[in-house]
Amino acid sequence: MLSLVLMGAAGLLIGGAYSLRSQDFPRWVWIAFLALAGLSLVAAYLFTLPGD
């Protein structure tokens, strides 16, 4: 369940990055959003791995 929430958050962050880029925000702002989206996807993947 948590992995689905993280994937949804990644989708929102990617959409936000696209929106900020189209509004001519500084480059570091939308790159930070993309980095957070990537981290969210990695965390979602790690939550799906079998554990102890």
Side-chain angles (χ1 to χ4, degrees):
M1 179 66 182
L2 184 58
S3 61
L4 290 175
V5 172
L6 288 169
M7 285 187 228
L12 289 173
L13 286 166
I14 291 170
Y18 178 77
S19 174
L20 291 173
R21 183 177 179 200
S22 66
Q23 294 178 32
D24 294 328
F25 269 70
R27 179 175 294 214
W28 68 269
V29 174
W30 57 267
I31 288 177
F33 270 63
L34 288 177
L36 288 174
L39 289 173
S40 179
L41 287 175
V42 168
Y45 171 72
L46 292 176
F47 272 112
T48 61
L49 295 176
D52 291 298

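FYI, the numbering just counts along the sequence from 1. Only heavy atoms go into these numbers, but all of them, side chains included; no hydrogens, no water, no symmetry mates. What you are looking at is a predicted structure, and each value in this text was computed from that prediction instead of being measured.
Judged as a side chain to side chain contact (heavy atoms under 4.5 Å, CB included), and not counting sequence neighbours, the contacts of Leu6 are Leu2, Ser40, Ala43, Ala44, Phe47. Leu13 is linked by a side chain to side chain contact (heavy atoms under 4.5 Å, CB included) to Phe33, Leu36, Ala37, counting only residues two or more places apart in sequence or in another chain.
The same ILVMFWY cluster, assembled from side-chain heavy atoms under 4.5 Å apart, contains both Leu34 and Phe25.
Residues in residues 2-19 take part in these side chain to side chain donor-acceptor pair (under 3.5 Å) pairs, two or more places apart or across chains: Ser19-Gln23.
Side-chain contacts under 4.5 Å among hydrophobic residues (ILVMFWY), followed directly or transitively, place Leu4 with no other residue at all. As a member of the Ile/Leu/Val/Met/Phe/Trp/Tyr network built from side-chain separations under 4.5 Å, Met1 groups with nothing else and remains a singleton. Chaining together hydrophobic side chains whose heavy atoms lie under 4.5 Å apart places Val42 alongside Tyr45, Leu46, Leu49.
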